[in-house]
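Quick note: numbers below take in every heavy atom, side chains included, and nothing from hydrogens, waters or symmetry partners. In the text below, chain A, chain B and the rest are named by the order of the sequence lines, each starting its count at 1.
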2 protein chains.
Amino acid sequence: MANRSYGQYCGLALALDRIGDRWTLLIVRELLPGPARFGELHQALPGIATNLLSRRLRDLEEAGLLERTTLPAPANVPVYELTALGRGLGPAVREISLWGVRFMEDAEFRRPANPRSMIMGMSVLASTLPLEGLDSTLHLLVDGYDISIVIDGEKAAFSLGAPTEPDALIETDYEPLVAVVNGRATPDELIADGQIVIGGDADAVVSFFELFRRARESMTVSA
Amino acid sequence: MANRSYGQYCGLALALDRIGDRWTLLIVRELLPGPARFGELHQALPGIATNLLSRRLRDLEEAGLLERTTLPAPANVPVYELTALGRGLGPAVREISLWGVRFMEDAEFRRPANPRSMIMGMSVLASTLPLEGLDSTLHLLVDGYDISIVIDGEKAAFSLGAPTEPDALIETDYEPLVAVVNGRATPDELIADGQIVIGGDADAVVSFFELFRRARESMTVSA
DNA sequence: CGGGATCCGTTACGATACTG
DNA sequence: CAGTATCGTAACGGATCCCG
C-alpha cells in the first residue's frame, strides 16, 4: 500500500498513503519516546516478520518520517530515529489511542508487549483530565520494569526508569495493574491479597489509583 | 486484517484492529458529516471495489461503529450512519488530517473526490488558529457545488449548501482554489485573469483568503 | 437502477530459513 | 545483530453477474 496510493486530494488520504500500512503506526509509536534498534522494534512488535519490519523502516525513511543513524561512540550502534515530521504524528497517535483505550476493558486479557506501550496507555488516559489536588512522585515496578510517575497537580508524566525521590513504591504485575486501571478490581482487595505491594506514603498511592478512577469516570461520560 | 488482530494490549493497537484496514478510515470520513448511501460512498471513494466496500461496511457494523438504517418516509432508502462510537473518531480523524494536509502542497494535483472532502480539508486547516478580526458569511461555489462558510470571529464553520444571507460570493473551480489555499498563487492574480470570480463585500472575500494565509503561516512554524 | 455477491488475477503479508 | 531471500497464504482490485 505504501506505493498503492488512494490518489485523493485530501489530508486524511495523503496521511494514510504514508502511515496507513499495517504495522506502520505501531512502529511510529515505538519510536515516539526515542530512537530504537532493529532488534528492539522486532521484539516490541509481537510477531512482525523481519522482512516486513525492514521494508516498513525503509518506506518510512523514504517518506522522511525517520532516519537511520548511528549512536555516538562508544555505543556506535545503528538506530532508527523519528524526524520532526515523524514526531509530528504524536497528537494523531494520541487521539487514536484515546479512542482505542475503551476497548481494553473488553479485550481478552493480554499483557502489554512492553513497558513503553504500558506507559503510553497510562499517559493517554491521564492526559484527558485535570489533576487538581493530586501531587506525588511514584515508583511503579511492573513485572520488573521501573516506571517513574510524576504528578504535579496539573499533569501526570510517565517515563521509563526509577524516580530519584519517590514518595511511594507500587510493586505489582501487569495483570492486577490492568485490572485496577480498568476498574475491574479495587486496589484495596488486590493489596489485601498481596497482588499489589505498596510502600511509602499511603496518600501518594491512593492518588495514583484515584487518577485512573477519574479517567474512567470522564471517559464513560464522553463516550 | 479486520480479523487479523495485532494482539497487543494497547489503545493504539486495539484501535487499529478496528480502523486499521485499508479504506476504513476514509469510509468513516465520509460518514462523519452524516449518513450516506452505498452508492454515494462508492462514488466518493475513488475506485474502491464494491465487494470491498460492502465488506468494510459489514465489518464496521459488527464492530459497532456504524448502523445500517432506513431513512424515514417518503425517502425510505437504506443508509449507513455512524454510531456514537464511530462519531467518537472525529478528533482522531481531524489530527491525522491535520498532519496530512502538509502533503497537499507537494502532491501532484488531483481534484478532491467530492466537496465533502474539500470541506473537511478547509475545516481542518481553519481549526488550527484563532480568527480574531475575521467576521463574515461566504457563499463558495466550487465546480458547481455550494459551500457555506460562516466565520464569526472565533471559528470558521464549513458546510454543504448555500448560506441564506451571504456577504459575498466566490465562484471558482477546484484547481485555482487549491492553488490559493496552498499559497502557490495569490488571490489577486487569479481574480484578475478570471479564474476566480467574486461578488459582494470585498472585505469578506479578503477575509476568506486571509484565513488560509494565516493557517499556512501557523503550519510552517509548528512543522 | 441501486445494492450488492461472485469470480479471479495480482499484490501484500507472515513464517521460516539463511547470510554478511 | 541486522537484516535479505524464499514461498505459501490471505487480502485487495477490477470486472462481471445477480436480485429486488
Side-chain angles (χ1 to χ4, degrees), chain A residues 1-8 13 16-28 30-31 35-63 66-71 73-81 113-114, chain B residues 1-8 13 16-27 30-31 35-63 66-81 113-114:
Chain A
M1 310 194 205
N3 30 15
R4 185 139 61 181
S5 164
Y6 288 112
Q8 267 200 303
L16 292 176
D17 282 342
R18 288 157 178 84
I19 59 167
D21 276 349
R22 190 162 166 75
W23 294 110
T24 299
L25 223 39
L26 293 183
I27 294 171
V28 171
E30 288 301 315
L31 257 24
R37 307 191 56 176
F38 187 94
E40 294 181 273
L41 294 173
H42 184 229
Q43 190 178 2
L45 271 14
I48 187 176
T50 54
N51 60 349
L52 204 44
L53 177 54
S54 85
R55 166 175 252 287
R56 290 287 179 272
L57 290 170
R58 189 166 3 104
D59 291 344
L60 285 171
E61 188 174 11
E62 282 170 11
L66 60 78
E67 281 176 337
R68 194 174 186 281
T69 63
T70 302
L71 243 41
N76 266 330
V77 294
V79 293
Y80 295 90
E81 180 170 20
N114 56 61
Chain B
M1 310 195 206
N3 30 14
R4 184 139 60 179
S5 165
Y6 288 110
Q8 267 200 304
L16 292 176
D17 282 343
R18 289 159 176 83
I19 58 166
D21 276 350
R22 191 162 164 74
W23 293 110
T24 300
L25 223 38
L26 293 183
I27 294 172
E30 288 301 316
L31 293 178
R37 306 192 56 177
F38 185 95
E40 295 182 271
L41 293 173
H42 184 228
Q43 189 178 4
L45 271 13
I48 187 175
T50 56
N51 59 350
L52 204 44
L53 177 54
S54 91
R55 166 175 250 288
R56 290 287 179 272
L57 290 170
R58 189 166 6 102
D59 292 343
L60 284 171
E61 187 174 11
E62 282 171 11
L66 60 78
E67 282 176 338
R68 193 174 187 284
T69 64
T70 302
L71 243 41
N76 265 330
V77 294
V79 292
Y80 295 91
E81 180 170 19
N114 55 63

Return yes if the base of dG14(D) and the side-chain atoms of Asn51(B) contain a donor-acceptor N/O pair under 3.5 Å, otherwise no. yes

Of dC13(C), dG4(C), dG13(D), the nucleotide closest to the side chain of Arg4(A) is dG13(D)

Between Arg56(A) and dC13(C), does any side-chain N or O lie under 4.0 Å from OP1 or OP2? yes

Would you tell me if any nitrogen or oxygen in the side chain of Arg55(A) comes within less than 4.0 Å of OP1 or OP2 on dC13(C)? no

Would you kindly give the CD1-to-C1' distance between Ile48(B) and dA15(D), to the nearest whole Å? 15 Å

To the closest 0.5 Å, what do you measure between CD1 (Ile19(A)) and OG1 (Thr24(A))? 8.0 Å

Students should find that the end-to-end axis angle of the helix from dC1(C)-dG20(D) to dT19(C)-dA2(D), with five pairs defining each axis and rounding to 10 degrees, is 30°

Kindly point out which of dG3(D), dG14(C), dC1(D) is positioned nearest to the side chain of Arg37(A)? dC1(D)

Atom pair NE2 (His42(A)) and CG (Leu52(A)), whose distance is rounded to the nearest 0.5 Å: 10.0 Å

Value in whole Å for how far the P atom of dT11(C) lies from CG of Asp21(A): 15 Å

Verdict with supporting geometry, Ile48(B) and Leu41(B), side-chain contact (heavy atoms from CB on, under 4.5 Å): CA-CA 9 Å; Ile48(B) 187 175; Leu41(B) 293 173; over 6 Å; no

Geometric class of the Tyr6(A)/Trp23(B) ring pair [parallel <30°, tilted 30-60°, perpendicular >60°]: perpendicular

Can you measure Arg58(B) atom CZ to dG4(C) atom P for me and round it to whole angstrom units? 10 Å

Under 4.0 Å between a side-chain N/O of Tyr6(A) and OP1 or OP2 of dC12(D), yes or no? no

Drop me the distance from Arg4(A)'s CZ to Asp17(A)'s CG, to the nearest 0.5 angstrom. 12.0 Å

Output the distance between atom CG (Leu45(B)) and atom OG1 (Thr50(B)), rounded to the nearest 0.5 Å. 12.5 Å

Spacing between Glu61(A) atom CD and dA2(D) atom C1', to the nearest angstrom: 14 Å

Take atom CG of Leu52(A) and atom C1' of dA11(D), then tell me their distance rounded to the nearest Å. 14 Å

If I take atom CG in residue Asp59(A) and atom P in nucleotide dA12(C), what distance separates them, rounded to the nearest angstrom? 10 Å

Rounded off to whole Å, could you give me the NE2-to-C1' distance for the His42(B) and dA15(D) pair? 11 Å

Taken to the nearest 0.5 Å, the spacing of Leu25(A) CG from Leu16(A) CG works out to 9.0 Å

Applying a 4.0 Å non-hydrogen cut-off, can you work out what Thr50(A) is touching in the nucleic acid: base, sugar-phosphate, or nothing? base

N or O in side chain of Arg22(A) less than 4.0 angstrom from dG14(C) OP1/OP2: yes

If you compare every side-chain N and O of Trp23(A) against the phosphate oxygens of dA12(C) (OP1, OP2), does one of them come in below 4.0 Å? no

Rounded interatomic separation in angstrom, taking CG from Leu53(B) and P from dA5(C): 11 Å

